[in-house]
Colleague: 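After the structure tokens below, expect a handful of questions from me.
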Amino acid sequence: MKLFTLDSVCKSFAAKTGNPTRVLNDVSFDVATGETLGLVGESGSGKSTIAKCMLKLLRPDSGSVVFDGIDVPNARGAELSRFRREVQLVFQDPYGSLNPRMTAGELIAEGLLVHGLEPNGAARRRQAQHLMGLVGLDPDNIDRYPNSFSGGQRQRIAIARALACRPRLLVCDEPVAALDVSVQAQVINLLQDMRAEFDLTVVFIAHDLAVVRHLCQRIIVLHRGEIVEQGSREEIFGNPRMPYTQSLLAAVPIPDPVLAQRRRTAVQEA
Amino acid sequence: MSLAPAIRMRTPRVKISFQGACVSLLIALLVFAALFGPMLAPEAIYRSDILSSLQPPSAAHWLGTDDQGRDVLWRVIVGTRTTLLSAIAIVTAYSLIGVAVATIAASGPRWLDEALMRVTDVGLSLPSMIVALGFAAALGPSLQSAIIAQSITGWPITARILRNVMHQTMEAPFVAGAHVIGVSRWRLMTRHVLPNSLDVLIVKWTSDIGGTVLILSSLSFIGVGAQPPSTEWGAMIAGARGYVSTAWWTVLAPGIALAITSVAFGLLGDMIQAWRDPSLRESR
Amino acid sequence: MMMQPNPAGRPAPVPGEAPLLSVDNLCVSIRVDDRSVNIVDGVSFSIRRGERVALVGESGSGKSVTARALMRLERRMKATGSIVCDGRDILKLSDGEMRRVRGGTIGMVFQDPMSFLDPLRTIGDQIAETLRIRGVSRRDAERKALHILDELKVERAAERLTAYPHEFSGGMRQRVVLAMALIGDPRLLIADEPTTALDVRVQDQVLALLDEISRSRGLSVLFITHDLGIVAGFADRVMVMYAGSVVEDGDVYSTFAAPRHPYTRGLLDAVPRIDRDSDRLASIRGTPPHVFARPQGCPFHPRCDRAFERCVIERPVLRELGGMRVACHRPEPEAAR
Amino acid sequence: MSRARSYLWFFAKRLGTVVFALWSLGSLVFLMIKVIPGDEAQIAAGPDASPDQVALVRQRLGLDASVIVQYFRFWGRLLHGDLGTSITTFQPVLLDLERTLPSTLELVVVAMLINLSVSIPAGLIAAARRGGRTDGLFRVLAVILGGMPAFWLALMLQYLLAARYRLLPISGQNSYGMEPPRWTGVPTLDAIAAGNMASLLDALTYIVLPAAVLAVLYSTQIFRALRTSLLGVLESDFIMAVRAKGATERRVLIGHAFPNSINPVLTLAGTQLGAMIGAAVLVETVFARRGIGTYMFNAVAQKDMYAVLGSVLFIGAIVCLINLVVDVLQIVVDPRIRAAQFGRS
């Protein structure tokens, strides 16, 4: 079943001089209920712009964005409210993505408050504490401000905040790119657990193909605002058809000196 | 790399504690003088006593007497209230205008933002002291005129800075995050954007008091503000300027009071900035 | 050159030859309030001529500070110990002598090429500056700059010399930064996360270039990175840093095959791999400690599954262990995997 | 859009802002005239005028027309350069201003030169010795000097240096009999033009104190701005890269850090020019220089409203034009701003 549909989405940004730059060119894809879809591409591929269009942070110039029957760019009132409840976002930057003037508890419970899901303050607090426990944070830290948490812990807060409204779709925009290797693994594992726990559909945006391979069942490769190739994990990583995808995969370093050496000799021979 | 902010946030604290002590002391003195000065002052400073005019500093009159024989030190102390109250009134008035303009510009439609900023540009490009001088002269020379004139002309810088900061804040990822979670426009502005933008206003409000005190006294000196018998410091200097060469103390004292006030509030602003700046704050 | 690349591509050690760089008990400290905090805490290692060593660590491990200390670029920090490079102790040189080492004996490449270029000067100017400082004439310096850009496979190099940094792409900028470091003909190149800000394909190109140049010039390289993939592909030897000290040091093949320090082991297991599917990543619990809050004893013990009482009390020193150096009271078994 | 066209567009926009500013200023002045308490005609006719005379004046000044008509007439007069007539000098205000402007400009230009030649070296030294004693001393000085009211400093220094120790003349622009033949109206320039060294030296002794006093506040601002800017730039990555090339600290500071720090300083100096013209009013008054400031001061004292408001308008217009020039200069200096505004070359 299709949960999210993008059809021929185009987006351009005005440039100071010259013609507007086109960041998305005729992008179409579906997100099926329950799947984890990876969007990969280098900087300038348009992957973050897609995320913004999907989340109604940007309005596409043309094309349609539909979530479960909601026309996203034109959603208003009750429809918009449902959209905001059911689609959530986890950002890259664990430092800028949490309001520094709100406590962990306020941040996590904000969704419950603004959607009127839990009008009782004490109950909201209990739920926030429960969520903190769920994402591996000490619930006793509920009244602390974001800057007293480490990068990985903030990302856990961000995940708890996104999950508070029990969303159906989670968009993750480079959620682990800014984290240390040892912490990155924790957050990836947490995302996997939460996906199962909350029965989530996930759109995972990243430049790190290894992480995408690990997490996603289906992958879309983007390049300069266009979809180059899409397919299952097996197709993309086992048998990439497009030269761009091949070059991208060939460039990813492998943490194994023997394989790296083998690959280097292969390139030199070719 | 993650280290750099950690280092910066720790080092200034030591310096602040020394500077802070001095500044707090000065501010406390000023506030005390403003609150209690007029109550404690001897009644004689309001009457002229030509016989004891222009006396040099002595045990009876620590900073001497002026041309009317009034104690200079007491007049300076009494003048604190006028000066501080006026400056606070001015800065508060134009800060409110500035906040209103900035908020409308930052949250309103693009064309309104553009229009308001063009108007602000104009305000910025005009020399505020000259315009204030014109206004004050037109309203008739008095302290009130000077206050009104400065209130009208002071807001553009505040509006511009605050609007830019609010725009910056609105670009922050957490504002997009609040959008996505579905907060209302009102909550977005009041809970997310404003609290993270007002630091700059607090800092500016504080340090502007120092500058405002100087302009206010300048206007009085030139004759469009408070008029001579007043204890406003600028007016005192204007009244005493004829006696510089015979009685330098009559000019010295109010000038030093002005300098202390402006330095103290300027430094207080710096300190608040160092204290409130999130990048300077400790992460734990 | 004296060394022959062995089949695996790394130079064979020449017995008795003095290393190009040897660092002994390097401590770098910073004054905070009234106490001094060691950011780098007793690091010792050496780099042979032509050897490529990777220094791996997470944020706060002190890897960048170590690199900069080698050039005495951390001006507000105090370094003790000894850094002998090409027979001279860096820490004992006068400022004037140190300046001749910078850009001369040691060249340095940085992480984000845009922020490491002066936005107001032309590329040619900035590359030539290293030589201009040493009294080379403008014409000669510019000719050399052109030459080096050619060596780095920059197309239309002559036109590029008069361009400004903002007119370049990320990969081109990194080549410019590389040219700035190489034009003084250094013996040692310190590369501080030089590809972290780049896209994978550009990163691959820059790495290949660095590989080729270091080989052809017989250059020693100290490569600072957090990416274990880059280490495996580029370095001969890897040193792992944690909380200010080197916890493991060994050649890449043995280290990646069988890491002896639990932290190295944990890092290797925590990285998702492009070349195989995995269900779940092994992760290290907790977070790397902040510089100001490093634990007593072994700094890794709060996150370590193998820790026992001794780890809490006594900080392990780096010791020889089967051809590698490991700082651990209870290292992983030799053939762990 | 082509580069030339984007340049043109930029200048058009800036010019538009200036025109808008001048229009606002003019309207403000009109508003000021209207808020003056009391009957304008009565004031113009004098306190002793009979009702008939007042009525006549009202008619002659066009005050019987509607405010809107008056507003347009006001602009009509302004565009013809008519700023009204002074009731003290009995001359057109514009003529008075033209006569007094050179002296003010001289003061401001000399003050700006003093300002920059003190604050920039001080800023460089302080940044180079960050945290050291010199740095500390300069910063304390900047704080203290920055808090001093200019008119008070003028009075005190005038008393000390001129009246008490007689190192410098007390007030005025030239000694008696030393005036160079008037050509530009700027004493120093006229002396140079006349080739009269004695006269030039004389004029310089008269200007140095007022200009220095005027420069004090502004040089502390430039000092602080430059120091902050330099410290920021010195922390930036590319400075480390320059050091890694083996550059001397001198080269780092002068060759790389300074050019990259100068932008905010230029912006500030530009806005200062305007503010300095405003503050010159205070300094001129104390030193009795024949500039716009003294003219305004006298006008305020005499309640000569047309002269006051004419001066406001005039100074405002000059400041607007200076701002325009500074904007343009900045574009010329910095390739980054150029690139941001007009695209890559």
Side-chain angles (χ1 to χ4, degrees), chain B residues 4 8 11 15 19 118-119 121-141 149 152-153 157 210-211 213-215 217-219 221-224 233-234 237-238 240-241 244-246 248 251-252 254-256 258-267 270, chain D residues 16-18 20-25 28-29 31-38 143-153 155-156 158-160 163-164 170 217 235 271 274-279 281-282 285-286 293 296-297 299-301 303 305 308-309 311-313 315-316 319-320 323-324:
Chain B
R8 252 185 291 135
T11 27
K15 282 179 200 156
Q19 204 189 335
R118 289 291 81 77
V119 173
D121 271 346
V122 171
L124 286 172
S125 68
L126 300 175
S128 59
M129 200 190 114
I130 293 291
V131 177
L133 198 157
F135 261 114
L139 291 169
I152 298 172
T153 53
I157 301 182
V213 164
L214 291 188
I215 298 180
S217 65
S218 301
L219 292 178
F221 178 74
I222 225 155
V224 294
W233 296 332
I237 296 176
R241 69 178 285 201
V244 187
S245 43
T246 46
W248 49 266
V251 175
L252 185 74
I256 287 179
L258 274 171
I260 286 176
T261 312
S262 116
V263 167
F265 279 96
L267 289 179
D270 287 357
Chain D
T17 310
V18 170
F20 184 47
L22 290 176
W23 171 76
S24 317
L25 183 66
L28 264 177
V29 167
L31 184 74
M32 290 176 197
I33 295 174
K34 289 292 139 198
V35 297
I36 294 174
V143 166
I144 293 173
L145 291 175
M148 291 194 175
F151 60 93
W152 173 78
L153 197 61
L155 279 173
M156 293 313 289
Q158 185 185 41
Y159 165 65
L160 274 177
R164 185 118 184 222
I170 290 184
L217 170 67
E235 289 285 302
T271 53
M276 280 168 102
I277 294 181
V281 171
L282 299 163
T285 322
V286 173
M296 270 182 103
F297 180 78
V300 168
K303 306 224 180 328
M305 279 321 291
V308 174
L309 296 178
S311 310
V312 170
L313 199 52
I315 295 177
V319 171
C320 285
N323 288 340
L324 180 69

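Quick note: numbers below take in every heavy atom, side chains included, and nothing from hydrogens, waters or symmetry partners. Residue numbers begin at 1 in each chain, while the letters A, B, ... track the order of the sequences. The structure displayed is predicted, hence computed values, not measured ones.
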Colleague: Identify which of D:T17, D:V308, D:V18, D:L155 forms the greatest number of heavy-atom pairs closer than 4.5 Å to chain B.
Modeller: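 The answer is D:L155.
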
Colleague: Between atom CD1 of B:I130 and atom CG of D:L25, what is the distance when rounded to the nearest 0.5 Å?
Modeller: 10.5 Å

Colleague: For D:V29, which atoms come within 4.5 Å of any heavy atom of chain B: side chain, backbone, both, or neither?
Modeller: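 For D:V29, no heavy atom lies under 4.5 Å from chain B.
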
Colleague: Minimum heavy-atom separation for D:P149 and B:A259, please, with both atom names.
Modeller: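 Taking every non-hydrogen atom into account, CD-N, 4.3 Å.
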
Colleague: Considering only heavy atoms, which portion of D:L309 lies under 4.5 Å from any heavy atom of chain B: side chain, backbone, both, or neither?
Modeller: side chain

Colleague: Relative to chain B, which segment of D:V300 carries a heavy atom at a distance below 4.5 Å: side chain, backbone, both, or neither?
Modeller: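 For D:V300, side-chain heavy atoms alone lie under 4.5 Å from chain B.
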
Colleague: Among the options D:V286, D:I144, D:T271, pick out the one with the most heavy-atom pairs lying under 4.5 Å from chain B.
Modeller: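 Option with the top pair count is D:V286.
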
Colleague: Tell me, for D:V143 versus chain B, whether the close heavy atoms (under 4.5 Å) come from the side chain, the backbone, both or neither.
Modeller: both

Colleague: What is the minimum heavy-atom distance between B:S262 and D:G146, and which atoms define it?
Modeller: OG-O, 4.4 Å

Colleague: Taking all non-hydrogen atoms of both residues, which atom of B:F221 and which atom of D:L282 are closest, and how far apart?
Modeller: CD2-CD2, 4.0 Å

Colleague: Counting heavy-atom pairs closer than 4.5 Å to chain B, which one of D:V319, D:L324, D:I277 comes out on top?
Modeller: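 The answer is D:V319.
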
Colleague: Less than 4.5 Å to any heavy atom of chain B: does that hold for the side chain of D:M276, its backbone, both, or neither?
Modeller: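 For D:M276, there is no contact with chain B at all, as no heavy atom is under 4.5 Å.
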
Colleague: Is any side-chain heavy atom of D:V312 closer than 4.5 Å to a side-chain heavy atom of B:F135?
Modeller: no

Colleague: Rounded to the nearest 0.5 Å, how far apart are CG of B:L258 and CH2 of D:W152?
Modeller: 8.5 Å

Colleague: Which of the residues B:G123, B:S217, B:A136, B:P141 is involved in the greatest number of heavy-atom pairs with chain D at under 4.5 angstrom?
Modeller: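 Most heavy-atom pairs under 4.5 Å with chain D: B:S217.
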
Colleague: Relative to chain B, which segment of D:M156 carries a heavy atom at a distance below 4.5 Å: side chain, backbone, both, or neither?
Modeller: side chain

Colleague: Pick from B:D121, B:I237, B:I215, B:V131: which one has the most heavy-atom pairs with chain D under 4.5 Å?
Modeller: B:I237

Colleague: Using heavy-atom distances under 4.5 Å, tell me whether D:L31 contacts chain B through its side chain, its backbone, both, or neither.
Modeller: side chain

Colleague: Side chain from CB out, backbone as N, CA, C, O: work out which of these in B:L267 comes under 4.5 Å of a heavy atom of chain D, or both, or neither.
Modeller: side chain

Colleague: B:L252 versus chain D, heavy atoms under 4.5 Å apart: side chain, backbone, both or neither?
Modeller: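 Contact with chain D is through both the backbone and side chain of B:L252.
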
Colleague: Does any backbone or side-chain atom of B:V213 lie under 4.5 Å from a heavy atom of chain D? Answer side chain, backbone, both or neither.
Modeller: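 Neither the backbone nor the side chain of B:V213 comes within 4.5 Å of chain D.
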
Colleague: Given the options B:V251, B:L133, B:I260, which has more heavy-atom pairs under 4.5 Å with chain D than any of the others?
Modeller: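 Top count of heavy-atom pairs under 4.5 Å with chain D: B:V251.
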
Colleague: Hey, is CG on D:L145 packed in by over 12 heavy atoms from elsewhere, all under 6.0 Å?
Modeller: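 Atom CG in D:L145 is crowded, with more than 12 foreign heavy atoms closer than 6.0 Å.
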
